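Notes to accompany the following structure.
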Amino acid sequence: MSKSAIVTRFAPSPTGFLHIGGARTALFNWLFSRRNQGTFHLRIEDTDRLRSTVEAVAAIFDGLSWLGLKHDGNALFQSRRQDRHREIAEQLLTNGNAYRCFATEAEVAGARDAAKKANRPLLFDSPWRDADPARTPDRPFVVRLRSPRTRPVEVTDAVRGAVRWPAETLDDLVLLRSDGSPTYMLAVVVDDHDMGVTHVIRGDDHLGNSGRQALIYQACGWTTPTFAHLPLIHGPDGKKLSKRHGALGIDSYRAMGYTPEAMRNYLARLGWSHGDDELFTTDQAVSWFDLKGIGKSPSRFDTRKLDHVSAHHIRSGDDASLLDSLADWLAANDKEPLSETAKARLRHGMPVLKQQAKRLPDLLARGEFLLSTPPTPDLTELAGQLNTDAKSLIALARTLIDRFAEAAWTRENHDALVGDIAVRADLKPARLFRLLRSMLAGIESKSAPSVHDMLSLLGRRESLKRMAAAVPESV
RNA sequence: GGUCCCUUCGUCUAUCGGUUAGGACGCCAGAUUUUCAAUCUGGAAAGACGGGUUCGAUUCCCGUAGGGACUGCCA
């Protein structure tokens, strides 16, 4: 293992599902570690016990595994590391980089209100920062970091460049709450350090945190990792993605019938680019990925482009795995699983079905004609649509059956036959195709493939059977 | 309010001082045509604004406007 081994991590809070933005963050971390033969860790930030549930944690595992983003080693639960976090806080207290603050919450709030009125940064300047440790009151306290007040804090971000904050805008952040529990700020830094994380790739909403966290790294004497803050994903209206935009969780996209491969492609291209490449495989993304390709501005989620990417991956997908994906989709939506014969038929038709599908369920809609015998078409109704009468339509159908029955079952023959019959009947071939379509897949079949494809997929025997069934016995 | 970040076609983006500003989605037109699609061809469509720097700015700097994030003893 090289000394410069890269370690990344994805550290979601379990809030109910794997957010689409979180999924992209995970993907970038995964891509970056794979690209560099590094390590990709998963850490569950479950220190907010009220909001963290086993279901929420399971949703994250499910989402990641469906997306194919496997983490190395075991997932780490932040809540189980509180002793370690406290230990660091104690050290900081001992070496003077932190202090006990006995200010009440009301005092802090009052100071902030005053700062706001005076148009100053909302920081709280604790009177206990320089108090005599011997003269401390006997009441609850928090442990605060003693931030340097003279120099600005600077962080170098791999996508943003140098970012700095004036010293007076950063207050002494709380490390340990008055009940002794560690705060998020402390926990993140300690965990990232202990896990050996070299690159913190996360959402833009953490950019401000990186300055504060840098202060903790400095106080601990640790080297800060490289930060890379990803611009957020917005809804189609440019506002932060929220419930009113519809699907937020990766599970929703799974339920809609997008494949993991397509989601990876679309998500990777949202906020990251490799020249003009739009459609690519995951292997390609891995070999191309770099932090330089990450954009700076937020991007909007566009489901129509997602559809296009999805269609491409279905079209170029492997028939057998497409069938597996379809089975997964059925299961994810609590639908009845495919029977063995249904599987065999869809598998047989897959080369055709996948040509025009945007999402997995389209495969099923296209292939419906293969799975069940269509209802007998009402030729009277069809005659109405074709602006002719039922009687001549039936005659045409019979001719079609007779001629098809005696010719070899090829597309060329079918074309020639239809052309010939059309000329004799003084009709446009299009009408005969409409008639054939109705006989093979039902009069309402809008989503079935072309007549030629159906003829070929169904074969001579089944096709002729359906055609015959469509014509009334006695007229 | 304060701090920080962002700004190229409607959308995702390329460009790393000199281009007819390129590609993709979507859109429009045409071809094809047995529905819906898919496919092929063509088309419309962008550097927020104002100042600098420079022989030359989309590109560098400043300002303005707009958008976003953060601003907790949440994560």
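Here is how names work: the chains are called A, B, and so on, in the same order as the sequence lines, proteins then strands, and each is numbered from 1. The shown structure was predicted, so the numbers you read here are calculated from the model rather than taken from an experiment.
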Which part of the nucleic acid does [X] contact within heavy-atom distance under 4.0 Å: base, sugar-phosphate only, or nothing?
X         : result
Arg304(A) : sugar-phosphate
His234(A) : sugar-phosphate
Val174(A) : sugar-phosphate
Glu105(A) : base
Ala448(A) : base
Ala365(A) : nothing
Val142(A) : base
Ser178(A) : base
Pro231(A) : nothing
Leu176(A) : nothing

Please give the distance between the [atom1] atoms of [N] and [M] as a whole number of Å.
N      : M      : atom1 : answer
C27(B) : A46(B) : C1'   : 16 Å
G47(B) : G30(B) : C1'   : 31 Å
G10(B) : U3(B)  : P     : 33 Å
U59(B) : G63(B) : P     : 15 Å
U15(B) : C9(B)  : P     : 16 Å
A14(B) : U54(B) : C1'   : 25 Å
G18(B) : U11(B) : P     : 26 Å
U58(B) : U53(B) : P     : 16 Å

Interatomic distance where [atom1] belongs to [X] and [atom2] belongs to [N] [whole Å]:
X         : N      : atom1 : atom2 : result
Leu279(A) : C25(B) : CG    : P     : 8 Å
Asp453(A) : A38(B) : CG    : C1'   : 11 Å
Asp415(A) : U34(B) : CG    : P     : 10 Å
His274(A) : G23(B) : NE2   : C1'   : 14 Å
Leu173(A) : A75(B) : CG    : C1'   : 14 Å
Leu382(A) : U35(B) : CG    : C1'   : 12 Å
His308(A) : C27(B) : NE2   : C1'   : 14 Å

When you get a sec, tell me which of [options] is the closest nucleotide to the side chain of [X]?
X         : options                : answer
Glu278(A) : C25(B), C73(B), G23(B) : G23(B)
Arg366(A) : A69(B), U7(B), A37(B)  : A37(B)
Arg434(A) : U3(B), A75(B), U34(B)  : U34(B)
Ser299(A) : C5(B), G23(B), U13(B)  : U13(B)
Tyr184(A) : U7(B), A75(B), A69(B)  : A75(B)
Thr47(A)  : A38(B), G23(B), A75(B) : A75(B)
Ser297(A) : A75(B), G23(B), U7(B)  : U7(B)
Asp302(A) : C25(B), U13(B), U3(B)  : C25(B)
His452(A) : U7(B), A75(B), U34(B)  : U34(B)
Lys358(A) : A37(B), G23(B), A75(B) : A37(B)

For the residue pair [X] and [Y], does the interplanar ring angle fall in the parallel (under 30°), tilted (30 to 60°) or perpendicular (over 60°) class?
X         : Y         : answer
His229(A) : Phe227(A) : parallel
Phe77(A)  : Phe61(A)  : tilted
Trp409(A) : His414(A) : perpendicular

Test of ring centre spacing under 6.0 Å for [X] and [Y]:
X         : Y         : answer
Trp272(A) : Phe289(A) : yes
His41(A)  : Phe10(A)  : no
Tyr253(A) : Tyr266(A) : no

- Message: What residues from residues 205-213 of chain A pass a heavy-atom cutoff of under 4.0 Å to RNA chain B?
- Response: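 Hits under 4.0 Å, by residue number: Asp205(A), His206(A), Leu207(A), Asn209(A), Arg212(A).
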- Do Trp165(A) and Ser210(A) touch side chain to side chain, with heavy atoms closer than 4.5 Å?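 Yes, at least one pair of side-chain atoms sits under 4.5 Å.
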- Could you check Arg24(A) against Arg315(A) and say which one's nearest nucleotide on RNA chain B is further toward the 5' end?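 Of the two residues, Arg24(A) wins.
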- Nearest-nucleotide comparison on RNA chain B, the residue closer to the 5′ end among Pro429(A) and Cys101(A):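 So the residue in question is Pro429(A).
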- Query: So, is Ser447(A) close to the U35(B) phosphate, meaning a side-chain N or O under 4.0 Å from OP1 or OP2?
  - Reply: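 So the side chain of Ser447(A) is outside the cut-off, no N or O lying under 4.0 Å from OP1 or OP2 of U35(B).
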- Would you tell me if any nitrogen or oxygen in the side chain of Arg160(A) comes within less than 4.0 Å of OP1 or OP2 on C4(B)?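 So the side-chain polar atoms of Arg160(A) never come under 4.0 Å of the phosphate oxygens OP1 or OP2 of C4(B).
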- Could you tell me whether the side chain of Arg24(A) and the main chain of Leu270(A) form a donor-acceptor pair under 3.5 Å?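 Yes.
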In the strands shown, is [N] matched to any nucleotide by a Watson-Crick or G-U wobble pair with both distances under 3.5 Å, and which?
N      : answer
G30(B) : C40(B)
A24(B) : U11(B)
U3(B)  : A69(B)
C49(B) : G63(B)
C55(B) : G18(B)

- Is it true that the NZ or CZ of Arg359(A) lies under 6.0 Å from the centre of Tyr258(A)'s six-membered ring and within 45 degrees of the ring axis?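 Yes, Arg359(A) lies over the aromatic ring of Tyr258(A).
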Going by modelled atom types, is there a donor-acceptor pair between the base of [N] and the side chain of [X] at under 3.5 Å?
X         : N      : result
Arg300(A) : U11(B) : no
Thr183(A) : C73(B) : no
Lys305(A) : A24(B) : yes

- Query: After noting the C-alpha distance and the side-chain angles of Asp125(A) and Arg149(A), does the key distance pass the salt bridge (Lys or Arg N to Asp or Glu O under 4.0 Å) rule?
  - Reply: CA-CA 11 Å; Asp125(A) 196 7; Arg149(A) 283 292 167 73; 3.2 Å; yes
- Query: Under 6.0 Å from the CZ atom of Arg164(A), do we count more than 12 heavy atoms belonging to anything else shown?
  - Reply: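 Open.
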- Message: Are more than 12 heavy atoms, taken from residues, nucleotides or ligands other than Arg151(A), located less than 6.0 Å from that residue's CZ atom?
- Response: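 Open.
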